[in-house]
Participant: 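Would you mind keeping the following structure in view while I ask a few things?
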There are 2 protein chains.
Amino acid sequence: MQSRPRIPEATVARLAVYLRVLSSLADGGRGTVSSGELASAAGVNPAGLRKDLSHLGPCGTRGVGYEVATLRDRIAGVLGMETAHACVLVGLGNLGSALAGYGGFGSRGFEFVGLFDASPARVGQEVGGRVVRPMEELDEVVTATRATIGVIATPAEVAQRVCDRLTSAGVRSILNFAPVALTAPAGVDVRQVDLSVELQVLAFLDKQRGPAATVLTPAGGMA
Amino acid sequence: MQSRPRIPEATVARLAVYLRVLSSLADGGRGTVSSGELASAAGVNPAGLRKDLSHLGPCGTRGVGYEVATLRDRIAGVLGMETAHACVLVGLGNLGSALAGYGGFGSRGFEFVGLFDASPARVGQEVGGRVVRPMEELDEVVTATRATIGVIATPAEVAQRVCDRLTSAGVRSILNFAPVALTAPAGVDVRQVDLSVELQVLAFLDKQRGPAATVLTPAGGMA
DNA sequence: AACCGCTTGTGAACGCAGGAACAAAGTCGC
DNA sequence: GCGACTTTGTTCCTGCGTTCACAAGCGGTT
């Protein structure tokens, strides 16, 4: 078996990107794609794409390419997208509200089955078609809905406490937007998304590339 | 010279995390920290932290640790945080509005000097203390403010066009939240943040770890 | 003044990801 | 039916990131 041993995490992340491109192509009525075209649309190297796809067994036809619909379904299966994933979201400030209303989740099989906030002012409000609940109901909802994914969009100060409550309620995967490193028990996966870190990396690269950024186009011959 | 040759991108990302922890420690009145404690707070390996710090020259005292304030300032200098960075944000839907109102940027030297949206309904509205402008003014604002960073929070369909406009206006670093791979001219750095990809990686890890996730709590002690 | 413990900084080995080149295989044209 | 072209799948190799382990240096103590 080639598909079970282990798929590198970097490959999994790219598979999600390929899946999006393939879905788009399938909606456009496209029948087959070559690795070159698919790689171009995904922004990766063609050889790397083929290597990624090789992790899930041969799924292309030599001399022709990949069947769009078949490959899409195959990747979807590997990523576990055939079954919907129940998620709970904690913290409905600006970012949390944006996440609750983001359409990109629902269309990919992720459904927010519970929105929670500690602030009484937010509890009861409707965000993204769902009512915000108080933190007291978190454990109950997680247990009842079998939610396996928790999203933390709270201030940094309370993120660890929220993480503890989520894990003790049975959540096994956490996506954390709060700017703190979370400690979770073994068996729980935590992924960190830090927006300001991304900006700081950009600022560093900009500083390193050219200190004379403002003088970059002295005699601009730009069209 | 040790600081100029090159600092790995992964290290830069972690430096930003260290910086946050150090700022927090400094606010708490802490004088010195050991690599072990700092690594623990940042969620990384102590040896890796020391190696990261070694890229900016010796900055600790053996037998004692690192001087919090000194190290903080040093990292801030390397990351280019002594000077404020002007950013423009395009797309003020749910996510864009959240970004505009996110306090984590301003406190780290990133200022949104322009918010832009193509929708007339959003133009003129105030988000995060700033007025949303029409796309026509993008080039003018970028030129006038010398903005070097552009943030794209638009739908995927128009992201590439927005990217083209930003780069032609002089933006050299782009943070893209739209789920598409952007093509930018050489010399322009593009960083991709894809929220649904993060969720899909979590879902995959969850599926791989334990297929019996729903049967994990056979005798549920529901509250 | 010398010793001891603690912590940094560095050197080396391991593992992994990325890229390029090559062989296998299937299809289209003749 | 046969040959050539196209494209996949694989293999090798190079480079990077990460980790472990050790030597060097500083403070506190006796």
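Heavy-atom basis, side chains included; hydrogens, waters and symmetry copies ignored. Here is how names work: the chains are called A, B, and so on, in the same order as the sequence lines, proteins then strands, and each is numbered from 1.
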Participant: Using only modelled atom types and a 3.5 angstrom limit, is any donor from either the side chain of R62(A) or the base of dT7(D) paired with an acceptor on the other?
Facilitator: no

Participant: In whole angstroms, how far is the C1' atom of dT8(D) from the OH atom of Y18(A)?
Facilitator: 15 Å

Participant: Go through dG19(C), dA12(C), dA21(C) for me and flag the one nearest to the R50(A) side chain.
Facilitator: dA21(C)

Participant: Can you tell if the side chain of D206(B) reaches within under 4.5 Å of the side chain of I149(A), non-hydrogen atoms only?
Facilitator: no

Participant: What is the distance, rounded to the nearest whole Å, between atom CD of E9(A) and atom C1' of dG18(C)?
Facilitator: 17 Å

Participant: Could you check G36(B) against K51(A) and say which one's nearest nucleotide on DNA chain C is further toward the 5' end?
Facilitator: G36(B)

Participant: Verify, without hydrogens or angle tests, whether S40(B) (side chain) and G36(B) (backbone) share a donor-acceptor contact under 3.5 angstrom.
Facilitator: no

Participant: Minimum heavy-atom separation for L89(B) and G96(B), please, with both atom names.
Facilitator: CD2-O, 3.3 Å

Participant: Over all strands shown, is G48(A) touching base, sugar-phosphate only, or nothing at heavy-atom distances under 4.0 angstrom?
Facilitator: nothing

Participant: Take atom CD of E67(A) and atom C1' of dT8(D), then tell me their distance rounded to the nearest Å.
Facilitator: 15 Å

Participant: Could you state the CZ-C1' distance from R14(A) to dA17(C), rounded to the nearest angstrom?
Facilitator: 8 Å

Participant: From C-beta outward on N45(A), which listed nucleotide comes closest to its side chain: dG19(C), dT8(D), dA17(C)?
Facilitator: dG19(C)

Participant: How close or far is atom P of dC6(C) from atom CD of E37(B), stated in whole angstroms?
Facilitator: 16 Å

Participant: Can you tell which of dG18(C), dT27(C), dG9(C) lies closest to the side chain of A10(A)?
Facilitator: dG18(C)

Participant: Nearest whole angstrom, please: distance from the P of dG11(C) to the NE2 of H55(B).
Facilitator: 12 Å

Participant: Between R30(A) and E37(A), does any side-chain N to carboxylate O distance fall below 4.0 Å?
Facilitator: yes

Participant: Starting from P on dG9(C), measure out to CG on L53(B) and report it in whole angstrom.
Facilitator: 7 Å

Participant: OP1 or OP2 of dC16(D) less than 4.0 angstrom from a side-chain nitrogen or oxygen of R6(B), does that happen here?
Facilitator: yes

Participant: Go nucleotide by nucleotide along DNA chain C from the 5' end; which of V44(A) and G65(B) gets its closest nucleotide reached first?
Facilitator: G65(B)

Participant: OP1, OP2 of dT8(C) versus side-chain N and O of S35(B): anything below 4.0 Å?
Facilitator: yes

Participant: Measuring to OP1 and OP2 of dG9(C), would you say a side-chain N or O of Y66(B) lies under 4.0 angstrom away?
Facilitator: yes

Participant: Check the distance between dT10(D)'s P and D52(A)'s CG and give it to me in whole angstrom.
Facilitator: 13 Å

Participant: Below 4.5 Å, heavy atoms only, C-beta onward: do F105(B) and L99(B) meet side chain to side chain?
Facilitator: yes

